[in-house]
Amino acid sequence: MRSHKLKYLCRIVGGGTPSKANEDFWKGDIPWVSPKDMKVFRIHDAQDHISAGAVIASATRIVPPSSVLIVVRSGILQHSIPVAINTVPVALNQDMKAFIPSADLQSEFLAYFISGSQQRLLARWRKEGATVESIEMEDLGNTTCPVPLREHQAKVVNFLDRETAKVDDLIAKKELLIERLKEIKKSAISRLATMGTCQTVTTRDSGIPCIGQTPNHWQLLRNKNLLREIDDRSSDGTEELLTVSHITGVSPRRENQQVTMFMAESNEGYKRCLPDDIVINTMWAWMGALGVSIYAGLVSPAYNVYRFKRKADPWYFHHLFRSPQYVAEIGRYSRGVWTSRLRLYPEEFLNMTSPVPPLEEQFKIALLIDEQNKAASKESEMVTSAIALLREYRSALISAAVTGQLDLRQHEAQLEALA
């Protein structure tokens with residue numbers, strides 16, 4: 001099988017961003033493809049559109065249909081190369097490149113070559129020392145690509161279109177299963193936190209709009225009767241720095257990859273919290289950014305720390321406060337003009353009402369939720385592992401097909417025999 005460098009097989013063109021100051025540039029009908037559009041193999045449109053005047057006045061240009069588009073500058077290049085084929089004329093932003101193949105190379109074959117060789121290509125293409133992950137264009141152009149006869153390329157493409165669609169369908173079903181497991185888990189926690197473990201208990205209206213009915217034998221108490229605000233400041237800022245999010249609850253800042261906020265030069269004056277304290281991220285409480293801390297550490301001065309005034313299982317209240325119903329109630333008590341600017345201040349939180357089961361029942365509910373969480377997490381991990389194996393198989397299948405290591409005739413004969 002012949003091989004040639006990409007720079008001899010394709011014309012490689014880039015893109016640019018028209019001026020945002022000119023609104024007319026962004027009122028056209030030309031799809032302007034950026035990395036956010038690179039989530040499908042074939043691109044028929046883009047989220048943004050520009051005018052013909054924008055093309056003339058900027059570094060972007062029109063890319064003809066059946067070009068191979070890749071992302072060349074993005075954090076996603078740490079682990080993968082987004083690749084797609086445009087079915088209509090498009091323009092590109094500055095973080096994209098397009099390969100316009102010669103007559104010897106079919107676009108889909110090239111796209112599959114890049115898709116099936118991602119890890120090897122990333123190891124060669126990634127630019128060293130860049131502040132943002134990017135591709136070294138010289139190395140890209142000097143990469144050799146197999147070039148079988150056009151007839152064989154078409155067979156490979158047809159085969160991969162068919163087989164990868166099957167794998168993608170399996171992956172999509174398993175991803176949907178993970179989402180269903182999350183919803184089942186969330187629903188179970190919500191039911192236990194607001195109704196308890198008994199299925200036949202008599203109920204009453206809690207008077208809490210977003211919660212509704214609660215068991216008749218539970219108390220309904222203002223949070224100020226359960227908790228008190230703690231404002232204990234660090235004198236030197238040397239304690240463990242914690243963060244609070246709707247995803248992880250209270251966790252060490254150093255372990256939380258979701259947090260992208262800058263680090264202060266000093267944590268002096270930050271608030272101290274102890275294990276079993278409730279910590280609320282005032283700015284994101286309306287999303288459920290709160291929880292029980294298992295750590296003694298520091299949190300932002302903008303957060304609020306609460307300690308129980310009476311005997312309670314903190315983990316029951318952790319699950320209650322993070323349940324969808326209670327988070328909706330937090331939204332009602334939060335202040336702000338826009339949703340994204342809502343704040344839950346101590347006065348409002350302490351004025352909220354919470355259902356309070358007997359202490360022994362709090363323990364049982366928290367224990368049962370913990371057991372269900374572990375079971376759900378184990379099942380999700382198994383499905384996630386299966387997805388990873390399917391993706392590895394998909395990549396290996398593509399690589400074998402485009403490099404000639406897979407005998408398509410033999411594979412098709414095996415499929416016919418199975419049918």
Side-chain angles (χ1 to χ4, degrees), residues 1 10 31 33-47 63-71 76-77 79-90 96 98-101 105-122 145-181 380 382-419:
M1 183 186 299
C10 310
V33 178
S34 63
K36 63 187 176 185
D37 299 302
M38 297 288 287
K39 298 175 183 177
V40 292
F41 190 63
R42 290 180 172 84
I43 290 181
H44 308 294
D45 202 353
Q47 294 185 34
V63 175
S66 296
S67 298
V68 179
L69 315 180
I70 67 167
V71 176
I76 200 172
L77 295 172
H79 53 79
S80 59
I81 307 170
V83 57
I85 295 170
N86 57 309
T87 61
V88 296
V90 300
M96 305 281 302
F99 295 91
I100 304 174
L105 185 60
Q106 187 173 337
S107 299
E108 288 83 357
F109 185 87
L110 173 58
Y112 275 127
F113 166 73
I114 296 171
S115 179
S117 311
Q118 292 202 14
Q119 297 309 308
R120 178 174 63 83
L121 294 177
L122 276 175
C145 174
V147 189
L149 296 175
R150 288 275 302 193
E151 180 183 353
H152 183 71
Q153 291 181 42
K155 288 182 179 180
V156 168
V157 168
N158 290 335
F159 168 79
L160 290 176
D161 279 348
R162 182 177 66 250
E163 297 304 312
T164 57
K166 296 176 184 176
V167 178
D168 291 341
D169 183 57
L170 285 173
I171 291 173
K173 288 178 179 177
K174 291 188 179 298
E175 288 176 336
L176 182 60
L177 176 57
I178 289 178
E179 292 305 312
R180 286 177 179 168
L181 288 171
S380 292
M382 291 174 61
V383 178
T384 300
S385 296
I387 290 173
L389 289 173
L390 283 169
R391 285 177 173 153
E392 287 180 12
Y393 168 75
R394 185 184 191 278
S395 181
L397 180 69
I398 293 171
S399 179
V402 298
T403 57
Q405 298 174 37
L406 181 67
D407 188 330
L408 300 186
R409 288 174 298 181
Q410 181 180 357
H411 189 88
E412 289 172 349
Q414 290 174 346
L415 288 176
E416 289 177 3
L418 288 173

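Note that the coordinates shown come from a computational prediction; the quantities given were computed from them, not determined experimentally. Excluded from the calculations below are hydrogen atoms, water molecules and symmetry mates; all remaining heavy atoms, backbone and side chain alike, are included.
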[Y] side chain reached by [X] side chain, heavy atoms, under 4.5 Å:
X: Ile70; Y: Met96; answer: no
X: Pro148; Y: Val156; answer: no
X: Leu406; Y: Phe159; answer: yes
X: Val71; Y: Ile81; answer: no
X: Ile100; Y: Pro64; answer: yes

For [X] against [Y], the heavy-atom pair lying closest together:
X: Arg394; Y: Ser115; answer: NH1-OG, 3.9 Å
X: His79; Y: Leu122; answer: C-CD1, 3.5 Å
X: Pro101; Y: Cys10; answer: CA-SG, 4.0 Å
X: Ala98; Y: Ser67; answer: CB-CB, 4.5 Å
X: Ile171; Y: Arg391; answer: CD1-CG, 3.6 Å
X: Ser66; Y: Ile85; answer: CA-CG2, 3.9 Å

Checking [X] side chain against [Y] main chain: does a donor-acceptor pair fall under 3.5 Å?
X: Thr87; Y: Ile43; value: yes
X: Gln153; Y: Val147; value: no
X: Arg42; Y: Ala84; value: no

Does atom NZ of Lys173 have more than 12 heavy-atom neighbours from other groups under 6.0 Å away?
->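 Atom NZ in Lys173 is not packed in, count stays at 12 or less.
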Should we count CD of Gln405 as having more than 12 external heavy atoms under 6.0 Å?
->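 Buried by this count: over 12 neighbours within 6.0 Å.
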Can you list the steps and then say if Lys155 with Glu108 is a salt bridge (charged side-chain N to carboxylate O under 4.0 Å, His left out)?
-> CA-CA 11 Å; Lys155 288 182 179 180; Glu108 288 83 357; over 6 Å; no
If I take atom [atom1] from residue [X] and atom [atom2] from residue [Y], how far apart are they, to the nearest 0.5 angstrom?
X: Leu177; Y: Thr384; atom1: CG; atom2: OG1; answer: 9.5 Å
X: Phe41; Y: Asp168; atom1: CZ; atom2: CG; answer: 10.0 Å
X: Asp169; Y: Lys174; atom1: CG; atom2: NZ; answer: 11.0 Å
X: Ser380; Y: Ile178; atom1: OG; atom2: CD1; answer: 6.0 Å
X: Leu397; Y: Glu163; atom1: CG; atom2: CD; answer: 6.5 Å
X: His44; Y: Asp37; atom1: NE2; atom2: CG; answer: 12.5 Å

Just do the side-chain contact (heavy atoms from CB on, under 4.5 Å) check on Leu110 and Phe99 with the steps written out, would you?
-> CA-CA 9 Å; Leu110 173 58; Phe99 295 91; 3.8 Å; yes
How far apart are the C-alpha atoms of Phe113 and Ile398, what are their side-chain angles, what is the distance that settles it, and do they pass the side-chain contact (heavy atoms from CB on, under 4.5 Å) test?
-> CA-CA 7 Å; Phe113 166 73; Ile398 293 171; over 6 Å; no
Go through Asp161 and Lys166 one step at a time and tell me if the salt bridge (charged side-chain N to carboxylate O under 4.0 Å, His left out) criterion holds.
-> CA-CA 9 Å; Asp161 279 348; Lys166 296 176 184 176; over 6 Å; no
Would you please test Val88 and Asp45 for side-chain contact (heavy atoms from CB on, under 4.5 Å) and show each step?
-> CA-CA 8 Å; Val88 296; Asp45 202 353; over 6 Å; no
Given side-chain contact (heavy atoms from CB on, under 4.5 Å), test Val33 with Val63 step by step and report yes or no.
-> CA-CA 10 Å; Val33 178; Val63 175; over 6 Å; no
